[in-house]
*Asks:* 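What follows is a structure written as structure tokens; I'll ask about it next.
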Amino acid sequence: KGYEDSGTGYDFLKKAIAGYYKKFGVSLELDEIRVNDGAKSDCGNIVDIFGDDNIVLITDPAYPVYVDSNKMNGRTIIYADSNEENGFAAMPDPAVHADLIYLCSPNNPTGSAYTRDQLKEWIDYAKKNQAIIIFDAAYEAFITDPDVPHSIYEIDGAKDCAIEMCSLSKTAGFTGMRCGYTIVPQALHVIASDGTDVSIAQIWGRRQGSKFNGVSYPVQCAAAAVFTDEGLKQIHKNIAYYQENAAIIAKTMDELGIQYTGGKNSPYIWLKCPNQMSSWEFFDYLLHQIAVVGTPGEGFGKNGEGWFRLTAFGDRDKTIEAMQRMKQLLQK
Ligand SMILES: *Cc1c(COP(=O)(O)O)cnc(C)c1O
């Protein structure tokens, strides 16, 4: 195989992705789907097409790529607090203006997920501000709650204000294979600072055509296999295994009386560090006392201080063992 014609993915994979979206009632044209080497790349690269004077709204805590990629361009970032009071699901403040909005649902690190009504509120806010939502759906395959949408396009009005990014990394263990996709609807247009009407799909295509040469053919074949009936059956079995790990961790937190979000619709359990420990104190405590590691919440933003992320992406035996050790350590 030589260079791919478009560099945006082979039609056989785009058709497979479009077929997958149909399951959520979302219909996509093939030219709205851009195959890439993972969601992290596009979460970071998307800022290339926006002026540095755009105001960026990021929920805090957040996946660090959103903050860092905008800081590298010197953009102003405002934060929407996700905290204990709002169940780690930040909602828009009508008094604050933003041009670009990053949302991640189900969320990394907090495991919280927006309902249809909550996403509708964000879409209404985006429209009022003529803003664009960058919706990171990397964990959609973990959703079990029917009230939580898999795609932002399940909500009316999203196609003219949102870009969606997803990845096979968490869905199908593609972390090393590298394949994801970004949806840029044809309806998504903005008015540039010089007054011209700009198609985001067109300008993003231009950016990708200049800086990206597509995903290798064998990896795209593997990605297409994920979306076949047999592929979906196999990955769902795998996801169910991780969901069971999440349930084991969540049950342990319930037994210990530790407050948490996630574990449902998400492979992450986001817990409040016991005994008023800071994120890093709790990290050291678990590491030294019981040789268990997790991720200190503080690394995801200021609202993460005092919180801690445990992952369900582990072996069953080790998950059970880690939870037994935590119970022995923390039981009153
Ligand atoms: C893992 C992850 C991604 C994407 O990872 P890739 O391997 O680059 O596809 C994107 N967003 C969030 C929130 C993630 O946790």
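Numbers here are sequence positions counted from 1. Atoms within each ligand, like the ligands themselves, are counted from 1 in listed order.
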*Asks:* List the closest protein heavy-atom neighbour of atom 7 (O) of ligand 1: residue, atom name, distance to the nearest 0.1 Å.
*Replies:* Ser169 OG, 2.5 Å
*Asks:* What residue and atom, counting heavy atoms only, is the protein's closest point to atom 10 (C) of ligand 1, and at what distance?
*Replies:*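 In this structure, atom 10 (C) of ligand 1 has Asp136 OD2, 3.4 Å as its nearest protein heavy atom.
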*Asks:* Do you see a donor-acceptor pair shorter than 3.5 Å between the side chains of Ser169 and Lys40?
*Replies:*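 Ser169 vs Lys40: no donor-acceptor pair found between side chains.
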*Asks:* Heavy-atom contacts with Arg178 under 4.0 Å: which atoms of ligand 1 show up? List them by number with element.
*Replies:* 6 (P), 7 (O), 8 (O), 9 (O)
*Asks:* Does the separation of the ring centres of Trp307 and Tyr260 fall below 6.0 angstrom?
*Replies:* no
*Asks:* Near Tyr139, which atoms of ligand 1 are under 4.0 Å from a heavy atom of that residue?
*Replies:*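 Listed by number with element: 1 (C), 13 (C), 14 (C), 15 (O).
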*Asks:* Against heavy atoms of Ser167, which atoms of ligand 1 measure under 4.0 Å?
*Replies:*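 Every atom of ligand 1 under 4.0 Å from some heavy atom of Ser167: 6 (P), 9 (O).
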*Asks:* Does the N or O separation between Asn108 and ligand 1 drop below 3.5 Å for any pair?
*Replies:*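 Yes, at least one N or O pair falls under 3.5 Å.
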*Asks:* Under 6.0 Å from the six-membered ring centre of Tyr181 and within 45° of its axis: does the NZ or CZ of Arg34 meet both?
*Replies:* no
*Asks:* Does even one non-hydrogen atom of Cys104 get within less than 4.0 Å of ligand 1?
*Replies:* yes
*Asks:* Any chance the rings of Phe88 and Trp270 have centres within less than 6.0 Å?
*Replies:*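 That pair passes the under 6.0 Å test.
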*Asks:* Would you say Asp37 and ligand 1 have an N/O pair spaced under 3.5 Å apart?
*Replies:*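 No; every N/O pair is 3.5 Å or more apart.
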*Asks:* Does ligand 1 have any atom sitting under 4.0 Å from a heavy atom of Thr175?
*Replies:* no
*Asks:* Using a strict 4.0 Å cut-off to heavy atoms of Gly38, name the atoms of ligand 1 that fall inside it.
*Replies:*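 So the atoms of ligand 1 that pass are 8 (O), 9 (O).
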*Asks:* Go through the steps to decide whether Phe308 and Ile258 satisfy the test side-chain contact (heavy atoms from CB on, under 4.5 Å), and finish with yes or no.
*Replies:* CA-CA 11 Å; Phe308 199 77; Ile258 291 176; over 6 Å; no
*Asks:* Under 3.5 Å, is there a donor-acceptor pair between the side chain of Ser105 and the main chain of Asn107?
*Replies:*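 Such a contact is absent between Ser105 side chain and Asn107 backbone.
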*Asks:* Can you tell me how far the CD atom of Gln243 sits from the CZ atom of Phe142, to the nearest 0.5 Å?
*Replies:*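 Output value for this atom pair is 6.5 Å.
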*Asks:* In terms of residue, atom name and distance, what is the protein heavy atom nearest to atom 2 (C) of ligand 1?
*Replies:*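 Answer for atom 2 (C) of ligand 1: Lys170 NZ, 2.5 Å.
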*Asks:* Any side-chain heavy atom of Lys233 within less than 4.5 Å of one from Glu230?
*Replies:*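 Yes, at least one pair of side-chain atoms sits under 4.5 Å.
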